[in-house]
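Letters A, B, ... are given to chains in the order of the sequence lines, protein chains preceding strands, and every chain is numbered from 1. Because the structure is predicted, anything quoted here is derived from the model rather than measured.
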There are 2 protein chains.
Amino acid sequence: MSQFKVISLESIRVACKNCTLASLCLPMGLSPEDVERLDEIVKRARPLHRGDYLFREGDRFRALYVVKTGSVKTFAPSSEGGEQVLGFHLPGEIIGLDAIDKDVHACSAKVLETSAICEIPFTRLEDLTATTPSLQHQMYRLLSKEIGQDTDMLLLLGKKNAEERLAAFLLSLSQRLHKRGLSPSDFYLSMSRHEIGNYLGLAVETVSRLFTRFQEDGLMCVDRKHIQLLDLPALESLVGGSGQSRRQQQQQT
Amino acid sequence: MSQFKVISLESIRVACKNCTLASLCLPMGLSPEDVERLDEIVKRARPLHRGDYLFREGDRFRALYVVKTGSVKTFAPSSEGGEQVLGFHLPGEIIGLDAIDKDVHACSAKVLETSAICEIPFTRLEDLTATTPSLQHQMYRLLSKEIGQDTDMLLLLGKKNAEERLAAFLLSLSQRLHKRGLSPSDFYLSMSRHEIGNYLGLAVETVSRLFTRFQEDGLMCVDRKHIQLLDLPALESLVGGSGQSRRQQQQQT
DNA sequence: ACCTATTCTTGATCCAGATCAAATGGCAGA
DNA sequence: TCTGCCATTTGATCTGGATCAAGAATAGGT
């Protein structure tokens with residue numbers, strides 16, 4: 001029995017060098033030898049299930065996590081009991097970078113559907129990057145990229161209306177899935193309308209109404225959690241801003 | 001004349017090891033020898049004036065910038081001509097981390113008042129961190145901290161109302177100035193109401209009205225750009241959320 | 001000191017999206 | 001298959017803060 005378990009774990013043993021997501025993950029641009037060394041510290045890719053936590057707010061920071069398959073949401077408690085969804089993480093995306101500073105997780109990470117997650121002990125990674133300049137550079141880029149993404153989100157929450165936000169959200173998913181070799185126009189939403197609304201700073205009802213409207217306008221086809229984007233260009237022009245909707249605030253400060 | 005200039009530049013030559021901001025900046029926690037090495041690559045702390053740019057959106061990324069005195073705002077163009085203020089940067093704070101990933105600045109940085117800025121060529125810094133584990137760790141923490149701050153901002157824009165946003169903004173300034181040895185309750189705002197509103201996702205008029213209201217409520221004293229916070233605890237309880245204002249959306253997704 | 005442009009303040013009105021309310025539809029568990 | 005709970009949708013109403021519209025206070029330039 002315990003032997004079975006070992007075998008089972010071995011069978012799903014991570015192998016960065018064979019991972020189809022390598023080009024999106026840390027190994028990107030590393031030499032084969034460097035990937036080999038990285039491979040040795042990556043701990044496991046055990047399957048987790050909907051509702052499982054990778055870590056909780058307040059947990060000591062130990063490792064970074066990479067989604068191999070499935071999806072994860074991160075969220076932080078807001079004042080007075082509610083929560084703010086901080087992000088949805090798809091295959092190839094790294095979770096936990098925000099905890100390096102304080103050595104404690106300030107948010108929780110919860111698995112949205114059955115997922116395989118790689119775990120990278122941070123101390124060991126740090127040691128490795130100290131002797132592998134290309135990996136160090138990769139880490140800097142990764143951290144920097146995260147900042148850039150947060151910036152995009154600030155722009156979205158600060159300047160865009162409901163319609164633009166949902167369109168941007170759908171396009172973001174589309175683009176990220178596409179990079180992972182999946183269909184950019186046909187996918188499942190592993191998160192609830194509630195979570196989407198929370199993430200985008202909108203009420204559930206608004207999200208629901210927008211899905212309906214986008215469908216009526218022929219932009220997409222919605223069936224429960226199954227989404228088909230029928231008119232990417234139109235969605236892109238929606239995000240661009242203006243379109244025919246209300247005038248935006250033109251602040252030049 | 002050119003000799004004068006050289007002397008002048010020399011006189012303001014950065015010396016991390018003597019900098020009063022060292023504990024907030026990169027040298028934090030470095031050994032004297034490491035600081036010495038860092039010192040050698042920091043380029044200058046030339047004085048800049050209101051309206052000067054450290055860099056503009058689209059510029060090639062070359063260096064990180066640290067505010068020594070004064071203040072800087074960073075902002076990105078939003079769709080349709082407006083701009084989104086991304087942050088205000090006070091002494092000891094580092095600017096440009098978001099550009100490492102793409103090697104191009106996605107935002108612009110503009111000086112708000114006469115300021116002294118240190119410039120740290122990134123390539124040289126990166127080389128240095130590769131041979132100085134403590135500095136590498138410092139860099140990771142720095143990048144991570146930036147992500148954490150963006151996260152806080154997402155929470156603010158996604159979940160807080162106008163009153164809470166402005167209170168949070170004032171307290172943030174207060175706390176940051178305090179860390180720099182300045183008064184936490186008496187300071188000047190180097191940015192306009194417009195810029196504050198833009199940053200917080202509010203209209204100028206709303207910011208102005210809130211300043212008036214906070215003053216009427218005895219929370220603070222506003223005279224043009226001169227601010228005195230009279231009741232820090234009250235401001236903190238405002239940020240906390242609830243208070244007596246409208247109920248918040250309690251989303252547990 | 002004077003003039004002009006800009007920033008800030010204050011008041012009136014409007015509206016996107018939140019909130020409230022209720023019906024419908026899925027799905028997990030027995 | 002049935003039951004009950006939760007997610008989603010749809011409709012009606014409400015409201016915080018945006019927008020519109022003037023003044024008032026400042027700062028900068030000459």
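Contact annotation: B:K225 does not reach the phosphate of C:dT7 (side-chain N/O to OP1 or OP2, under 4.0 Å). Phosphate contact (OP1/OP2 of C:dT9, side-chain N/O of B:R193, threshold under 4.0 Å): present. Side-chain nitrogen and oxygen atoms of B:T212 include at least one within less than 4.0 Å of the OP1 or OP2 phosphate oxygen of C:dT10. For the pair B:S208 and C:dC8, the criterion of a side-chain N or O lying under 4.0 Å from OP1 or OP2 is not met.
Following rounding to the nearest Å, A:L200 (CG) and C:dA16 (C1') show an atom-to-atom distance of 16 Å. The nearest whole Å value for the distance from the NZ atom in A:K159 to the C1' atom in D:dG17 is 14 Å. Following rounding to the nearest Å, B:M191 (CE) and C:dC8 (P) show an atom-to-atom distance of 11 Å. When the C1' atom of C:dA18 is taken as reference, atom CZ of A:R165 falls 12 Å away, rounded to whole Å. Atom C1' of nucleotide C:dT10 and atom CD of B:Q215 are separated by 14 Å, given to the nearest angstrom. The CD atom of B:E195 sits 9 Å away from the P atom of C:dT7 (whole-angstrom rounding). The separation between A:E163 atom CD and C:dA16 atom P is 11 Å, rounded to whole Å. At whole-Å resolution of the value, NE2 in B:H194 and C1' in C:dT6 are 11 Å apart.
Evaluation of the salt bridge (Lys or Arg N to Asp or Glu O under 4.0 Å) rule for A:R224 yields no partner, not counting sequence neighbours.
A:K225 places a side-chain N or O within donor-acceptor distance of the main-chain N or O of A:M191, the cut-off being under 3.5 Å. Under a 3.5 Å cut-off, the side chain of B:K160 and the backbone N or O of B:V239 do form a donor-acceptor pair.
Between the side chain of B:R209 and the base of D:dG16, no donor-acceptor pair under 3.5 Å is found.
In this structure, B:Y188 and B:H226 have parallel ring planes: the angle between them is below the 30° cut-off, well short of the 60° mark.
Along DNA chain D, the nucleotide nearest B:E205 and the nucleotide nearest B:D223 are compared for position; the residue whose nucleotide lies closer to the 5' end is B:E205.
The nucleotide whose nearest atom lies closest to any side-chain atom of B:R224 is, among C:dT7, D:dA18, C:dG17, C:dT7. Closest contact between the side chain of B:N161 and the listed nucleotides C:dG17, D:dG17, C:dT10 involves D:dG17. Side-chain atoms of B:V204 lie closest to C:dT9 of the nucleotides C:dT9, D:dG17, D:dA27.
Heavy atoms of other residues, nucleotides or ligands lying less than 6.0 angstrom from OH of B:Y53 number more than 12.
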